[in-house]
Each structure stands twice: as structure tokens, then as C-alpha cells.
Amino acid sequence: MQNDPAAPVVDPAHARPHPTAGEYRSAVEQARRAAAAYYAGEQTPLDDADYDALYARIVASEREHPQWRAADSPTAVVGTPGGDVEHSTPMLSIGNVFDREGLHDWAAKLDKALGRPATPYTVEPKIDGLAIAVRYAEGRLVQIATRGDGYTGEDVTSQARLIAGLPARLSAPVTIEVRGEVYMTDADFAKGCDLRLAHGEPVFANPRSAAAGSLRAQRVYDVPLSFMAYAAHGLPDEHAHSHSAAIEHLGALGVATTASSSAGLTVCTDIEQVTAAVAALGARRGELGFGIDGVVVKADLTEDQAQAGYSTRAPRWGIAYKFPADIRTTKLLRIDVQVGRTGVITPVAVLEPVQVGGVVVTSATLHNFTDLQRRDVRAGDTVHVRRAGDVIPEITGAVHDARPADAEPYTPPVSCPRCGGDIDRSNLRWRCGRGRACGEKATLLYYTSRDAMDIEGLGEKILDALLAAGHITDAADLYGLDVPTLAAMDRLGTVSATNLVSSIAATKARPLSRVLTGLGIRMTGRTLSRRIARHFGTMDAILAATPAEWEQVDGIGSERAAVIIAELAEVAPLIAKLAAHGVNMTEPTGRATATAAEADTATDAVLPLRRPDGTPMTVVVTGSVPGLTRNQGNEAVEELGGKSSGSVSARTDFVVVGDGAGSKATKAADLGLPILDADKFAQLLTAHRTGDHDAASAILDTVVRFTPADDLAP
Ligand code: IVH
């Protein structure tokens with residue numbers, strides 16, 4: 001859990017009450033345990049979003065059954081039991097919204113409370129740390145207290161003295177209280193993890209628990225903690241007329257503030273500007289250098305704040321706009337081993353699907369085998385998955401308390417899982433001892449396959465023999481083979497050798513999309529390669545494209561663009577070698593083949609999901625298609641010449657409905673769209689792949705139109 005547990009992220013209006021008082025009671029228990037662990041900076045198997053869902057159901061139950069309400073419900077208690085320090089004013093929580101609409105609703109309520117439009121507003125980061133209250137007397141730091149239960153907190157003055165951003169002495173002898181968040185920067189967190197691993201200590205799952213752990217530990221820190229102020233009490237009037245002025249003055253006194261951070265504090269005149277500022281900060285979330293779990297919006301004027309006041313638990317003058325959790329827990333199903341093009345061997349976590357930072361994550365990197373073993377991550381574990389910005393998700397650690405009794409320690413591979421060769425362990429990143437050569441055969445097989453260059457008569461056995469004899473090391477060498485060389489090999493006579501040379505030569509004329517597919521660039525497949533080839537037209541244009549130009553291609557975002565560019569740079573020498581052998585590097589466009597559809601037709605014969613005018617049909621696949629993953633289902637649509645779409649609309653041509661289909665199938669029926677059963681779709685794909693066009697069109701003919709009129713028909 002990373003959020004403030006006192007603050008729900010799920011709108012209780014949409015949560016289901018518990019069916020029985022007993023279930024409500026155990027939910028309260030679970031939430032209380034999680035909240036206690038959260039404030040203590042301990043690990044909890046309940047992550048942010050799960051806690052919020054639990055909290056929302058507790059609220060819903062209490063609304064429906066007020067008689068169940070427990071005195072120790074998290075809705076009644078703020079934080080953990082307090083401590084010895086009484087706060088000058090309660091340290092309250094703040095309300096949450098999750099979208100533009102929520103933000104507008106909050107602003108409307110604020111305007112209503114004021115009887116006029118609130119202006120200006122401030123927008124600043126919601127730092128993902130622990131709240132503290134810091135007292136300065138005559139400019140000297142005298143006391144630091146945790147939030148505790150909101151009314152009294154624990155004295156942590158001795159532990160917290162060395163926090164970066166919190167000076168022992170201010171630049172003026174003022175007596176004030178500063179409130180803000182203790183946190184750990186991303187860089188310090190990484191350093192701290194390395195240090196702990198080096199000392200054989202368990203690592204923290206995320207910067208927040210690292211900060212909490214360090215703050216509570218009565219010893220010198222492994223790595224520094226940092227502080228950022230978001231409020232001040234007791235400032236002289238000239239600095240207290242607005243939040244932004246108070247924060248600015250704190251900065252001048254020498255305290256680190258939200259305004260002095262890389263995120264900054266933005267003053268906005270209206271809620272539209274606020275929305276834009278929230279979005280802008282959200283876009284930079286991964287590059288701030290510290291974790292934020294949202295943005296805090298406040299009425300800037302002290303006068304507005306005083307007039308708006310507080311509801312029972314939170315101020316009316318401020319609101320937190322929460323971002324999707326960027327760290328979640330989920331189950332680690334198994335650990336796979338991946339061998340890259342250059343022979344680098346990496347462990348990859350296969351996960352139970354989980355939403356992280358707004359996207360569904362099913363696999364994540366485990367970095368390297370040393371790290372994996374030090375962190376003692378095992379299949380079956382509940383693990384923390386983190387996704388910061390656009391980077392590939394990573395597993396930061398396992399919740400050891402939640403480990404199944406039979407979870408086995410992980411054993412790394414003893415030989416290269418691709419070629420069986422020795423592993424070079426001299427670096428942290430293990431490599432196959434054969435390096436780049438390890439992948440040669442796989443790469444060559446892919447290049448010659450039907451999906452790519454489709455070289456007739458060149459099977460695995462011949463490739464093996466050619467590699468073993470040293471006649472070829474890469475795909476370009478194929479074009480240098482001559483009849484005598486081939487004929488001198490086992491199992492090939494002069495006739496076969498002659499045929500093979502000419503079938504290899506024939507592939508020089510294949511369209512660019514085929515060459516691109518054959519290169520096996522990560523994160524592209526046949527469909528995307530075709531789209532890329534059509535978009536850029538030539539290999540030169542592809543190699544020269546900037547990240548921004550890549551993102552113009554349908555289906556390519558910044559993450560994919562970065563991977564593709566890096567991969568292309570790696571295979572650039574091979575591309576040059578292929579071109580030198582006369583392999584075509586352009587995609588047929590324009591009048592010669594007229595349309596994209598015809599270009600396909602030229603290379604792929606009949607495409608069942610093309611309309612007579614050559615345009616693709618739009619197809620939505622929902623539920624599972626036998627034998628295919630979700631992604632393969634969508635790719636199959638494109639392989640059949642159609643355009644796959646994620647949402648059902650009046651423009652959808654038909655919907656493929658399989659087991660587990662949900663609202664999309666209902667919507668399709670509501671709209672009267674034709675529906676094709678997933679089994680039939682699988683048969684259609686097989687028919688297409690085996691070139692049985694009659695069977696394919698027979699299946700398409702069975703697409704039934706469920707119009708509303710049909711439903712009404714007797
Ligand atoms: S203003 C009356 N500003 O989030 C409470 N809080 O759920 C006003 N937080 O307890 C709080 N960054 O610990 C405020 N820029 C920010 C913040 C912030 C993080 C924390 C704070 C608070 C919790 C609210």
C-alpha cells in the first residue's frame with residue numbers, strides 16, 4: 001500500500017455493500033491491519049488499489065447498514081494510534097477525485113460554499129511519503145512529529161534531524177510550524193536497495209516503505225531521506241494571504257517545498273487551467289525523480305480557504321486528484337528465461353494480470369539472476385510490480401509473509417535455454433557463451449519462414465548444415481550461395497541446388513514489409529511490420545525516422561518506438577548487407593498496386609476480411625478464441641485482412657464472441673451487429689491459412705445479423 005489509507009481511491013457510490021455483518025466485520029479487521037502496517041512502514045499484501053476497494057465497500061456497507069458501524073472502522077479512525085506530541089491543529093486527510101468530472105464536481109461545490117467562483121487555484125504534487133509536522137522556534141528546529149492518529153503523533157526529532165530539505169536553522173528567527181512529507185528520492189531508493197542487498201538485508205518494496213522504515217529505525221540511515229513542505233502555520237500576515245505566498249516564503253527560509261521541487265507549484269485562474277496542469281504533471285510523473293501518487297489542488301487564497309472550511313474529515317478547499325497506482329501486488333505465476341538477440345539471458349516474471357499505472361501488466365523484468373536470488377523471489381509469491389512512466393514494469397520484491405508453504409527457491413538455468421551452450425557469468429547480465437551466434441539459427445529460421453521471406457525448399461536441416469559448414473552466418477549470406485556449394489552438400493543434388501538458388505534469389509523482390517518481418521524486430525510482428533512498411537515506404541525512411549515520426553504509425557507509442565529504434569540500430573549492418581545483395585527495400589505503393597489492399601493481395605492472395613472495394617472490415621474480438629491468446633485473436637483479424645478494434649460501435653462490421661465475452665457482446669447485440677462464434681472464427685483462420693478459400697467464404701456466410709427486428713420476430 002502506498003496511498004494514505006485514510007483516503008479511499010474507489011468511489012463508494014459504485015462499491016457493493018457486504019452481504020452480512022460478519023463479512024463487514026472481517027473487512028474492517030483486514031483494513032485495520034493493513035492501515036497499521038502502512039503507517040508502520042511495514043509490508044502488506046494489500047496494495048493501494050486493493051485497500052481502496054476494501055475501504056469503499058466498508059463505506060458502502062456503513063451507508064446501507066448504519067447499525068453495523070464499528071467504532072474501530074477505518075472510516076472513523078485516522079491513521080494509527082497517536083503518540084506523545086499533540087498537534088497544534090489536527091493533521092487531516094484530504095478528499096480524492098479520479099477524473100476530470102470529479103474535479104469539476106469538487107470545484108462546483110467549492111464555488112457553492114463560497115457563493116462565488118474560487119480563484120486562483122494551486123496545483124502541486126501529492127508526494128508519496130509520510131506526513132510530518134515540524135516546529136521551529138526562533139528559527140531553530142525544535143521538534144518533529146509524525147501524523148499519528150491526526151491529533152497526536154510520535155516524536156521523531158532525533159531520527160529526522162538529518163532529512164534533506166529540512167534545515168536545522170532557518171534563514172530568519174521565526175517561530176512557525178511546517179507541514180509536509182518525508183520521502184525517498186528514486187535515486188536514493190535505488191542506492192538504498194543496493195546497499196541493503198549487499199548487506200544481505202531484505203530490500204524495501206517501494207520508496208514509501210523505505211522512507212517509513214528509515215524514519216522509524218533508530219539508527220543512521222542507509223541512505224538519506226528528503227522532505228518537501230506543503231503547508232505552514234504561524235507565518236506573519238504578509239506571507240500568509242495565500243498558499244502560494246506561504247510556500248514561496250518557506251522556500252526563502254530554506255525549506256524544500258512543492259514549489260521548489262522538479263514538479264513545481266502552478267497557480268491557475270480557473271478549473272480548465274487546473275485540468276491542464278494536472279495532466280501536464282501526470283505526463284511527467286515518471287521523470288520527477290520522486291514518487292507522486294497524484295496532484296493536490298487547493299484554493300490559493302487564505303480567505304477562500306477560511307470561508308470554505310472543513311467537512312468532518314477533510315478540508316473543502318483542497319482535493320487530491322489521484323493517479324492510477326504505479327505499484328501493485330499480484331501473483332508471480334512463473335519465472336521464464338529470455339535469450340535476447342545478442343545472447344543476453346534474463347529472467348522474466350509471468351504475472352497474474354494486474355492494472356499498474358493504468359495499463360494491464362502480465363509480465364515484468366526481474367533484472368538479473370543475482371538480483372532475483374538476493375531478493376529471494378519465487379514462483380507462487382505475491383510480488384510488488386512497479387511501473388514508472390513509460391519504462392518496462394519491474395518486480396521490486398516479494399511479500400515474504402504471503403509466501404505459500406510449498407514455494408521453491410528459484411534455480412537459475414545451468415546452460416543457455418536456447419542453444420544449450422555454456423553461460424558466461426562474468427557480468428551481472430549473463431550471456432550465452434556463443435553471444436550473438438546463439439540466436440543465428442532462430443533468426444535465420446524466422447527470416448526464411450512463410451510469414452517472412454517464405455523461401456521455398458529451405459528447411460531446418462539444410463539451414464543446420466549450412467551453419468555447421470560455415471557457409472552462412474546470417475540471412476544475407478543466403479544470397480551469396482551458389483549451385484556448386486549447395487550441390488556439394490549432403491542431401492542436395494544439382495537439380496535441388498539449382499532450384500534452391502533460384503527460389504532464394506526470387507525472394508529479393510519481396511516487398512519491404514516481408515524483409516522487415518524477417519528481421520524479427522522485437523515488439524513488431526507481421527501485421528505491424530506491414531503497417532510500418534506502408535507508412536514509411538522505404539527502408540531508408542524507416543532507418544531515418546525520429547521517435548516522433550515513429551509515433552505517427554498506428555499502434556506505436558513511445559515505449560514501442562524506443563525499442564524498435566534500438567533494435568533497428570542493432571540490425572543496421574545486416575540490412576546494409578541484404579541491400580548490397582540486391583534485396584528490395586521498398587514497399588509497393590501507388591498505381592502499380594493501387595491500394596494497400598491490393599499490395600496485400602499481391603503477396604497474400606485472397607483476404608477474407610476485405611470488402612470488394614479492398615477496404616478492411618472492422619472486427620471486434622471479445623472472449624477467448626480457441627487456440628489463440630487475446631493478442632493473437634486481434635492479429636488473426638489483421639492476418640485475415642481485417643482491422644481489429646477494441647470497442648464495439650455502429651461502424652463495427654461484426655463481432656467475434658467467445659467464452660468469457662462480456663459487455664462488448666451485449667453491446668453488439670444491442671446495436672444489431674453480426675456475430676461470429678469464436679469456434680467458427682478459429683475455423684476461418686485455419687481455412688485461410690491452408691488456402692481453402694471456399695471453406696473460408698462458407699464460414700463468413702454464416703455470420704448472422706441479429707437485428708432488433710429479428711429479436712422481435714416470432
Ligand atoms: S495538503 C488538510 N498537499 O496527502 C490536509 N497534502 O491524503 C491538507 N500530501 O495528509 C493536506 N502531498 O500527508 C497536501 N501537496 C500536498 C501533499 C499532501 C502529499 C499528503 C499529506 C496528507 C495526505 C492527504
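As the structure is a computational prediction, the values presented were derived from the model and not from experiment. Just so you know, ligand 1 is whichever comes first in the structure, and atom 1 is the first atom listed for that ligand.
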Region of Glu124 engaging ligand 1 - heavy atom pairs below 4.0 Å: side chain

Proximal ligand 1 atoms for Ala131, defined as those under 4.0 Å from one of its heavy atoms: 13 (O)

Ligand 1 contact by Gly318, heavy-atom criterion under 4.0 angstrom: no

Atoms in ligand 1 with a heavy atom of Pro315 nearer than 4.0 Å: 2 (C)

Tyr310-ligand 1 polar pair, N/O distance under 3.5 Å: no

Heavy-atom gap Ala314 to ligand 1 smaller than 4.0 Å: no

Which of the ligand 1 atoms, numbered from 1, are nearer than 4.0 Å to a heavy atom of Arg147: 10 (O)

Ion pair check, Asp111 and Arg116, cut-off under 4.0 Å: no

Lys/Arg-Asp/Glu bridge criterion (N-O < 4.0 Å) met for Asp72, Arg32: yes

For Ile94, the ligand 1 atoms whose distance to one of its heavy atoms is below 4.0 Å: 7 (O), 24 (C)

Ala252 backbone acceptor or donor facing Ser171 side chain under 3.5 Å: yes

Proximal ligand 1 atoms for Pro125, defined as those under 4.0 Å from one of its heavy atoms: 12 (N), 15 (N), 16 (C)

Pairs of donor and acceptor atoms involving the side chains of residues 136-143, under 3.5 Å and at least two apart or interchain, shall be tabulated with distances.
unit_1	atom_1	unit_2	atom_2	d
Tyr136	OH	Pro167	O	2.6
Gln143	OE1	Arg135	NH1	3.2
Gln143	NE2	Asp155	OD2	3.3

Residue among Ser226, Pro207, Ser261 satisfying side chain to side chain contact (heavy atoms under 4.5 Å, CB included) with Phe290: Ser261

Ligand-residue contact atoms, ligand 1 with Ile127, heavy atoms, under 4.0 Å: 12 (N), 19 (C)

Any Lys298 heavy atom less than 4.0 Å to ligand 1: yes

Residues Arg403, Asp381: salt bridge by 4.0 Å N-O rule: yes

Glu181 N/O to ligand 1 N/O under 3.5 Å: yes

Ser61 side chain to His18 side chain, donor-acceptor N/O pair below 3.5 angstrom: yes

Partners meeting salt bridge (charged side-chain N to carboxylate O under 4.0 Å, His left out) with Arg69 (sequence neighbours left out): Glu62

Side-chain (Gln273) to main-chain (Thr269) donor-acceptor, under 3.5 angstrom: yes

Ser93 to ligand 1, any heavy atom closer than 4.0 Å: yes

